[in-house]
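To keep things clear, I will list the structure first and then write my remarks on it.
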Amino acid sequence: PIPDDVELIICEGYDCIEAPDGTKAFGVLDVKARKIYIAENVPEKESALPHTIAHEYRHFIQGRTGRRYDEQDADDFADGVMERMRKMNA
């Protein structure tokens, strides 16, 4: 498992982040550096930024607890976070 802390970095002026494996996404978890990188310039920023942060944080939790990285689980977690945020702001 990875340590308990992770640093969040919002990359101003970026519309995607390149992962260590060469893929590009709105957000990337760098396990070794314990950093989550999020591209600032994404479509529908109001919802995409918090969703991407929650999605990548779920990957952090998956790694910290020794579970395999699961994209569907990360998306479901992020969707749940977004739903709670909507309810709080209603």
Would the distance check show the side chain of E40 and the main-chain N or O of G13 forming a donor-acceptor pair, the cut-off being under 3.5 Å?
yes
I'd like to know if the side chain of T23 reaches the main chain of A19, judged simply by a donor and an acceptor atom lying under 3.5 Å from each other, with no hydrogens or angles considered.
no
How far apart are the closest heavy atoms of [X] and [Y], and which atoms are they?
{"X": "C11", "Y": "Y37", "result": "SG-CD2, 4.0 Å"}
{"X": "C16", "Y": "A39", "result": "N-CB, 3.5 Å"}
{"X": "A74", "Y": "Q62", "result": "N-NE2, 4.0 Å"}
{"X": "P43", "Y": "A48", "result": "O-CB, 3.3 Å"}

State plainly whether one hydrophobic cluster holds both [X] and [Y], where clusters connect Ile, Leu, Val, Met, Phe, Trp and Tyr through side-chain heavy atoms under 4.5 angstrom apart.
{"X": "V31", "Y": "V28", "result": "no"}
{"X": "I17", "Y": "V6", "result": "no"}
{"X": "F26", "Y": "L8", "result": "yes"}

Step-by-step salt bridge (charged side-chain N to carboxylate O under 4.0 Å, His left out) determination, D30 to K32
CA-CA 6 Å; D30 183 335; K32 290 180 182 176; over 6 Å; no
Can you list every pair that meets salt bridge (charged side-chain N to carboxylate O under 4.0 Å, His left out) and has a residue in residues 75-85, with sequence neighbours left out?
E83-R86
Please collect all salt bridge (charged side-chain N to carboxylate O under 4.0 Å, His left out) contacts where either partner lies in residues 11-26, sequence neighbours excluded, each pair once.
none
Could you grab the distance from atom [atom1] of [X] to atom [atom2] of [Y], nearest 0.5 Å is fine?
{"X": "Y69", "Y": "L29", "atom1": "OH", "atom2": "CG", "value": "5.5 Å"}
{"X": "R58", "Y": "E56", "atom1": "CZ", "atom2": "CD", "value": "13.0 Å"}
{"X": "D5", "Y": "R64", "atom1": "CG", "atom2": "CZ", "value": "10.0 Å"}

Taking side-chain contact (heavy atoms from CB on, under 4.5 Å) as the definition, give me every residue that meets it alongside L49, ordered by chain and number, with sequence neighbours left out.
I38, V42, K45
Under the criterion side-chain contact (heavy atoms from CB on, under 4.5 Å), I'd like the reasoning laid out for V81 against Y57: C-alpha separation, chi angles, the key distance, then a yes or no.
CA-CA 11 Å; V81 168; Y57 184 71; over 6 Å; no
Criterion side-chain contact (heavy atoms from CB on, under 4.5 Å) on I53 and I10, from CA distance to verdict
CA-CA 10 Å; I53 292 167; I10 306 295; 4.2 Å; yes
Between the side chains of H55 and H59, does any donor sit under 3.5 Å from an acceptor?
yes
